[in-house]
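Shown next, in structure tokens, is the structure this report addresses.
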There are 4 protein chains.
Amino acid sequence: MVYKTSKETQEKKDLKRKHIIKIAARIFSQNGYHKTTVKDVVEAADISVGTFYFYFKNKEHLFETLYDEGIEEIFSALMQSLQNIECEADFGFSKAIAFFFKVIECNKPLAKIMLIEAVGLNPTFERKRAEATQKLVSYTTEFFYEIKKLGTGNMPDIKIFALAFIGTLYNVVLEWLQTDSKESLLDSVYALTVYNLQALKLEYNIDNINRGITEIINTKLDNLKE
Amino acid sequence: MVYKTSKETQEKKDLKRKHIIKIAARIFSQNGYHKTTVKDVVEAADISVGTFYFYFKNKEHLFETLYDEGIEEIFSALMQSLQNIECEADFGFSKAIAFFFKVIECNKPLAKIMLIEAVGLNPTFERKRAEATQKLVSYTTEFFYEIKKLGTGNMPDIKIFALAFIGTLYNVVLEWLQTDSKESLLDSVYALTVYNLQALKLEYNIDNINRGITEIINTKLDNLKE
Amino acid sequence: MVYKTSKETQEKKDLKRKHIIKIAARIFSQNGYHKTTVKDVVEAADISVGTFYFYFKNKEHLFETLYDEGIEEIFSALMQSLQNIECEADFGFSKAIAFFFKVIECNKPLAKIMLIEAVGLNPTFERKRAEATQKLVSYTTEFFYEIKKLGTGNMPDIKIFALAFIGTLYNVVLEWLQTDSKESLLDSVYALTVYNLQALKLEYNIDNINRGITEIINTKLDNLKE
Amino acid sequence: MVYKTSKETQEKKDLKRKHIIKIAARIFSQNGYHKTTVKDVVEAADISVGTFYFYFKNKEHLFETLYDEGIEEIFSALMQSLQNIECEADFGFSKAIAFFFKVIECNKPLAKIMLIEAVGLNPTFERKRAEATQKLVSYTTEFFYEIKKLGTGNMPDIKIFALAFIGTLYNVVLEWLQTDSKESLLDSVYALTVYNLQALKLEYNIDNINRGITEIINTKLDNLKE
DNA sequence: CATGAATGAGCGTTCATTCAT
DNA sequence: AATGAATGAACGCTCATTCAT
């Protein structure tokens with residue numbers, strides 16, 4: 001029976017799985033986790049319930065998959081963006097934040113699921129969220145540590161500073177997601193960059209900030225889900 | 001027919017209602033909205049289902065009551081705390097943040113319900129949350145506007161600055177709530193104050209910050225629910 | 001403690017009882033038996049639930065009281081009306097039917113309860129209805145028997161004839177009750193009288209029929225509930 | 001995707017649906033609408049609650065289905081029977097009434113549901129009943145109109161005459177349904193035919209009436225549900 | 001691989017009735 | 001007599017999941 005799982009079959013399976021995930025992301029982000037029934041998903045994906053349970057252990061597992069992929073997406077985006085910040089703090093920061101927001105904007109359903117629907121869902125996702133934050137904080141901490149070393153600023157608790165920094169991004173995104181705002185998230189990058197640069201007592205030049213934003217706006221996001 | 005319901009009976013009713021609310025806050029914050037059944041609440045409160053529905057229209061209405069009371073609680077705390085910031089920005093800011101965190105710490109169940117459980121629950125609470133944030137941002141904006149007028153700092157978008165500021169508080173609280181941390185929220189006040197003072201380009205003195213925090217720690221929270 | 005139930009007290013009790021019954025008739029006829037809750041009745045009657053259960057054993061007993069009174073009302077009306085038919089069949093019949101319809105019209109809520117709400121309610125009321133019909137049929141049968149004796153008509157089964165006669169009245173009333181017709185029931189008396197007179201092969205004169213109807217229209221219904 | 005559901009599966013579904021309907025008719029007619037619980041039905045039909053709700057939206061919808069099918073049944077029966085009345089009024093009338101009664105007799109549970117249980121249930125069924133009566137009256141009216149044209153009888157209000165005619169049938173059936181009589185409904189056809197023929201002043205011959213009844217008795221009801 | 005009919009534990013909620021005051 | 005807070009059995013219904021085909 002081994003030959004049954006030929007390469008083509010496997011590819012078809014993967015495709016269908018991706019298809020279900022894509023549809024589910026839309027449905028979950030529209031209706032929320034609890035108001036979304038398995039029936040809703042299978043109808044939207046034009047498959048049968050049986051098929052659904054062939055590809056996913058259960059409803060929560062599907063959501064978990066979605067969540068994990070979302071985390072992955074956003075993380076790699078953030079990591080990648082933070083790497084842009086080298087010598088030029090002002091240019092780098094604005095690029096990083098702009099890039100991050102652009103990713104969010106291109107993945108609104110996924111973002112909504114991760115930042116809103118998954119909150120308070122159950123211990124599994126609380127843990128996942130805690131881990132994600134932890135990872136994010138660690139990374140940011142490391143990064144801030146570098147700044148501290150060469151900086152003249154006052155940074156009494158790097159972990160809190162990292163939490164605060166992420167909090168500024170998080171809250172702006174949350175507001176944007178919940179108000180279904182038509183404005184672009186990118187409109188708030190400039191002010192947000194200034195806020196955090198000042199908080200970190202980093203010297204900056206307005207033109208550098210704007211240059212960073214413009215660069216991101218003109219870049220195509222190739223590494224993102226279609 | 002007014003005399004039909006005596007004053008004592010009314011008082012007993014109020015007490016029982018408060019009792020149910022208190023128990024429910026605990027249960028909801030432990031299990032979350034969806035995993036909490038009406039049966040859970042009535043068993044914990046040692047009443048019958050009928051009694052529950054005598055005092056509350058339904059499960060959602062109970063949660064709404066809890067939520068509204070929580071909002072009320074936290075808002076009045078925040079408003080009150082922000083009023084402490086007068087001429088001395090450093091002293092005032094630390095007092096404000098410390099006060100806010102103390103209120104959160106004393107109302108952990110309520111805070112968890114509002115900041116975690118109610119997120120992504122349904123449109124009603126999304127709207128409520130949006131309104132709350134809006135109110136908070138407005139208030140902070142107004143306050144920042146005053147700072148801007150007399151300040152020398154760069155504040156390109158007051159609304160974003162307000163969102164960022166609230167975001168720093170929010171994220172620290174969220175982290176604290178989700179990790180069930182044994183450490184006090186107040187331990188993070190100092191660093192957080194510095195972060196935001198720097199972000200706003202406000203001059204500060206370490207001693208003043210510490211003085212503000214100490215003052216709050218030694219103050220009793222009289223105006224809060226037992 | 002015997003003196004407590006003095007004559008005046010008893011009268012007050014009777015009055016309150018009547019009051020509840022009157023209100024209940026309205027509510028039941030508006031909402032139907034099952035959609036009417038005890039709470040509905042006590043609120044409309046401005047009494048407490050406790051008081052309700054002091055006067056009536058339970059909800060069904062209240063309905064039964066209503067039903068029995070309705071039956072009583074309508075029966076005595078019908079009996080009385082049928083006694084009008086002596087020598088002059090045409091004049092008598094029209095008077096009888098008109099009188100019956102007038103009673104129904106003046107007691108629409110009660111009629112609705114008896115003829116619609118109580119149908120298919122439960123065995124108790126099915127039995128009551130059967131008994132009522134039985135009584136009605138017996139009376140009519142007796143009456144038809146007299147007609148048969150002196151008549152020349154063909155009356156193969158008096159019981160069926162009685163059922164048929166009552167059915168003609170019943171169906172017209174039912175239609176009137178269910179369509180919430182604004183027209184008077186009395187408008188249909190003439191045709192209905194003709195139908196039944198012809199069915200019984202009784203000679204008639206149009207003027208006599210009309211005279212009978214007019215007489216009833218101009219009579220005041222003293223023996224009916226206010 | 002049509003091939004997804006095979007013909008055999010669809011047939012099995014239809015069969016199960018019919019099975020539930022049949023059982024439900026029995027239960028509803030025994031206990032009435034309100035005393036019949038969904039649990040009663042599913043236990044009697046030997047299915048699970050889930051299965052019940054797979055086939056029917058809810059309890060009321062099942063009842064509605066039953067009702068609509070009953071109406072359909074009885075209507076087509078009545079219409080068909082009335083068409084038998086052509087030139088020979090006496091023969092035709094007896095045939096029509098006999099046929100109608102035979103249909104009722106073969107569908108006692110359905111008849112009970114429609115004529116007793118559904119009365120006073122709720123606005124939906126009041127409307128349905130009103131519509132049914134309206135349709136019946138219209139049909140009868142049309143028919144009586146033809147009689148009037150060629151007749152010598154006195155028919156002052158055709159609509160009332162139609163209501164009266166239907167009332168005679170209705171009341172006899174009601175009596176039969178409520179007393180759980182062991183006698184056949186057909187025993188009352190003769191007298192009832194005479195009553196209505198006389199009411200319409202139609203000439204008749206006893207033999208013709210009896211011939212009509214006999215003909216129906218000896219006919220098999222093929223077009224009825226088993 | 002795919003289907004969808006079948007399952008049933010468990011939910012939120014109602015409301016007639018009781019009884020201490 | 002009158003009150004209305006308290007009770008809890010019982011209801012209709014949902015939906016994630018299974019499994020025979």
Side-chain angles (χ1 to χ4, degrees), chain A residues 1 4-5 9 12-13 16 34-43 47-62, chain B residues 1 3-6 8-10 12-13 16-17 34-42 46-62, chain C residues 4-5 9 12-13 16 34-43 47-62, chain D residues 1 3-6 8-10 12-13 16-17 34-42 47-62:
Chain A
M1 299 291 194
K4 267 193 174 176
T5 324
T9 315
K12 268 172 79 183
K13 269 182 68 178
K16 189 163 242 176
H34 283 103
K35 286 211 171 154
T36 300
T37 67
V38 172
K39 211 180 155 230
D40 289 341
V41 174
V42 303
E43 275 172 6
I47 54 165
S48 71
V49 250
T51 303
F52 174 85
Y53 279 93
F54 177 77
Y55 287 98
F56 299 94
K57 215 184 88 198
N58 52 36
K59 183 184 163 186
E60 191 178 336
H61 181 231
L62 166 67
Chain B
M1 296 296 190
Y3 61 88
K4 273 185 183 175
T5 308
S6 71
E8 300 96 59
T9 312
Q10 192 56 43
K12 269 172 83 181
K13 269 180 73 177
K16 185 159 249 175
R17 197 184 142 89
H34 282 105
K35 286 219 171 142
T36 299
T37 67
V38 172
K39 208 175 156 244
D40 290 340
V41 174
V42 303
D46 201 32
I47 54 166
S48 69
V49 225
T51 301
F52 175 84
Y53 281 95
F54 180 75
Y55 286 96
F56 299 93
K57 214 184 90 197
N58 54 36
K59 184 184 162 186
E60 189 176 338
H61 182 232
L62 167 66
Chain C
K4 270 192 173 175
T5 324
T9 315
K12 267 171 79 183
K13 271 180 66 177
K16 189 162 244 175
H34 284 104
K35 286 212 170 152
T36 299
T37 67
V38 172
K39 211 179 155 233
D40 289 340
V41 174
V42 303
E43 275 172 7
I47 54 166
S48 70
V49 250
T51 303
F52 174 85
Y53 280 93
F54 177 77
Y55 287 98
F56 299 94
K57 213 184 91 198
N58 53 36
K59 184 184 163 186
E60 191 179 336
H61 180 231
L62 166 66
Chain D
M1 295 294 188
Y3 61 90
K4 274 186 182 174
T5 308
S6 71
E8 299 96 59
T9 313
Q10 192 55 44
K12 267 172 85 182
K13 269 180 72 176
K16 186 160 248 176
R17 198 185 141 90
H34 283 105
K35 286 221 169 141
T36 300
T37 68
V38 172
K39 209 174 156 244
D40 290 341
V41 174
V42 302
I47 54 167
S48 70
V49 221
T51 301
F52 175 84
Y53 283 95
F54 180 75
Y55 286 96
F56 299 93
K57 215 185 87 198
N58 53 36
K59 183 183 161 187
E60 190 177 338
H61 182 231
L62 167 66

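Only this structure's heavy atoms are used, side chains among them; waters, hydrogens and symmetry mates stay out. Small disclaimer: the values here were computed from a predicted structure and weren't measured. Quick note on labels: first sequence line is chain A, next is B, and so on, each numbered from 1.
Between the C1' atom of dT7(E) and the NZ atom of Lys39(A) lies a distance of 16 Å, rounded to the nearest Å. Between the CZ atom of Arg17(D) and the C1' atom of dA6(E) there is a distance of 17 Å, rounded to whole Å. A straight line from NE2 of His34(D) to P of dA16(E) spans 12 Å, rounded to a whole angstrom. Atom C1' of nucleotide dG12(F) and atom CG of Asp40(D) are separated by 12 Å, given to the nearest angstrom. In this structure, Asp46(B) places its CG atom 19 Å from P of dA5(F), rounding to the nearest Å.
In terms of phosphate contacts, Lys13(D) brings a side-chain nitrogen or oxygen within less than 4.0 Å of OP1 or OP2 of dA5(E). In this structure, Lys16(A) reaches the dA2(E) phosphate: one of its side-chain N or O atoms is under 4.0 Å from OP1 or OP2. Of the side-chain N and O atoms in Thr51(B), none sit less than 4.0 angstrom from OP1 or OP2 of dA6(F).
Using a 4.5 Å heavy-atom threshold, the side chains of Val41(B) and Val38(B) count as separate. Counting heavy atoms from C-beta on, the side chains of Val42(D) and Thr51(D) never come closer than 4.5 Å. In this structure the side chain of Ile47(C) never reaches within 4.5 angstrom of the side chain of Tyr55(C), judged on heavy atoms.
The nearest heavy atom of DNA chain E to Tyr55(D) and to Thr36(C) marks one nucleotide each, and the one closer to the 5' end goes with Tyr55(D). Comparing Lys35(D) and Ile47(B) against DNA chain F, the residue whose closest nucleotide sits nearer the 5' end is Ile47(B).
The side chain of Phe54(A) sits closest to dC1(E) out of dA5(F), dA2(F), dC1(E).
Each of His61(D), Lys59(D), Glu60(D) was checked for a side chain to side chain contact (heavy atoms under 4.5 Å, CB included) with Lys57(D), and the lone residue meeting it is His61(D).
Counting non-hydrogen atoms under 4.0 angstrom, Phe56(B) reaches nothing in the nucleic acid. Counting any heavy atom pair closer than 4.0 Å across all strands shown, Ser48(D) reaches a base atom.
The NZ atom of Lys12(D) sits 9.5 Å away from atom CD of Glu8(D), with the distance rounded to the nearest 0.5 Å. To the nearest 0.5 angstrom, Gln10(D) atom CD is 5.0 Å from Lys13(D) atom NZ.
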When you compare the protein's N or O atoms with those of nucleotides 17-21 of chain F, which come within less than 3.5 Å of each other, and at what distance?
from	atom 1	to	atom 2	distance (Å)
dT17(F)	OP2	Tyr53(A)	OH	3.2
dT17(F)	OP2	Lys59(A)	N	3.1

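For the residue pair Tyr53(A) and Asn58(A), the shortest heavy atom distance occurs at CE2-CA, 3.7 Å.
Computed from C1' positions of five pairs at each end, the angle between the two local axes of the helix from dA2(E)-dT21(F) to dT21(E)-dA2(F) equals 10°, rounded to 10 degrees.
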